[in-house]
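Below: the structure, in structure tokens.
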Amino acid sequence: MKTWLARYATKALLLLFSSFLGAVVFATSVKAGEENFKDRELMLQLGSVAAFVVVLVTAADAALNEREKAKARQQVARAARTLGVTYNSTLQPLSTALGELAQQYAAAFGGAAAPPALATAQTAQWTTVRTSVLTGAAVLTADPDPSSGLPRARCSYYRLETPRTRHEFTLDDWAGASPGPRTTIDGAAGSHLLHDILESRTPFHVGAATGYVSRIDPFSPTYKSVIAVAVAAGSEEYGVLIVDAPLETDLTAEHVVLMQSVAGLLAATFALTK
């Protein structure tokens, strides 16, 4: 309350002072226009000084308004981050549990081949969920481009190939900023995805928050921050979900939880439709 009163008292004082100076400018200009007034030059000087001070007061008021706007934007961003953390912290364990249930159901009842109509519907649902996850991750992580409004982040799903001893992952689909990601990750990078992320179920976060660099392309001109999370349901391991963005500060710890949440939904869908 005191902060509110102080802020608006300052603005009221600036308005009153500016109005007073405006009256001074008007009065001095009137007196300076009188031919018989002997101190016309003094009035002109006073009017000029008053006009200059009016400009300074107006600039100070504008700066105060901009500072308040910036503070309001920061408060909104802070509230959004807090809400995001709360939402993702709730969704992440739910998506994990859903994936485990889906895998258990598929293991118990998925032995027989699905009828053609059901298989077609399952493929369609898998495609819908995968597209929604990839698009949502690209939109909900890094801020969009300020001029075009398009996503600056890029999200990809890489499928683990069999046998797993090949340490090879193939691009299944992606969404977000161009250019598109590489089609295959293998070799040392594939081993990193398999052992450090998928098998250990441990997210890997590249960027300013961790100081890590990409194991796939450390010198990439396209992205400087990366989050990679496992796509797994129960004991089944399907692949890795990766989001990347241009700046080191684009992806935060909150985004790690978001990626785990959507990866869980993707894994649950995979378990029920494949």
Apply side-chain hydrogen bond (donor to acceptor under 3.5 Å, both in side chains) to residues S148 and D145 and explain how you reach the verdict. CA-CA 6 Å; S148 66; D145 183 273; 3.3 Å; yes
Member of V133, V243, L251 meeting the side chain to side chain contact (heavy atoms under 4.5 Å, CB included) criterion with M259: V243
Within the distance-only criterion (no hydrogens, no angle test), does the side chain of T202 pair as donor or acceptor with the backbone N or O of S200 below 3.5 angstrom? yes
Tell me if a side-chain donor or acceptor on T210 pairs with a main-chain N or O of H205 at a distance below 3.5 Å. yes
Where do T249 and T252 come nearest, in terms of heavy atoms and distance? O-CG2, 4.2 Å
Ignoring hydrogens, what is the shortest heavy-atom contact between A137 and C155? Give both atom names and the distance. CB-SG, 3.6 Å
Strictly under 6.0 Å, is that where the ring centroids of H195 and H167 end up? yes
Closer than 3.5 angstrom, by distance alone: can the side chain of S225 be matched with the main-chain N or O of L247 as a donor-acceptor pair? yes
With sequence neighbours excluded, residues passing side-chain contact (heavy atoms from CB on, under 4.5 Å) with A233: Q103, Y238, A267, A271
With clusters built from Ile, Leu, Val, Met, Phe, Trp and Tyr whose side-chain heavy atoms come within less than 4.5 Å, directly or transitively, what are the remaining members of the cluster of I242, listed by chain and number? Y158, L160, F169, L171, W174, I185, L193, L194, I197, L198, F204, V206, Y212, I216, Y223, V226, V240
For A153 against T141, the heavy-atom pair lying closest together: CB-OG1, 3.4 Å
Quick one: does any side-chain atom of R154 pair with a main-chain N or O of P179 as donor and acceptor, under 3.5 Å? yes
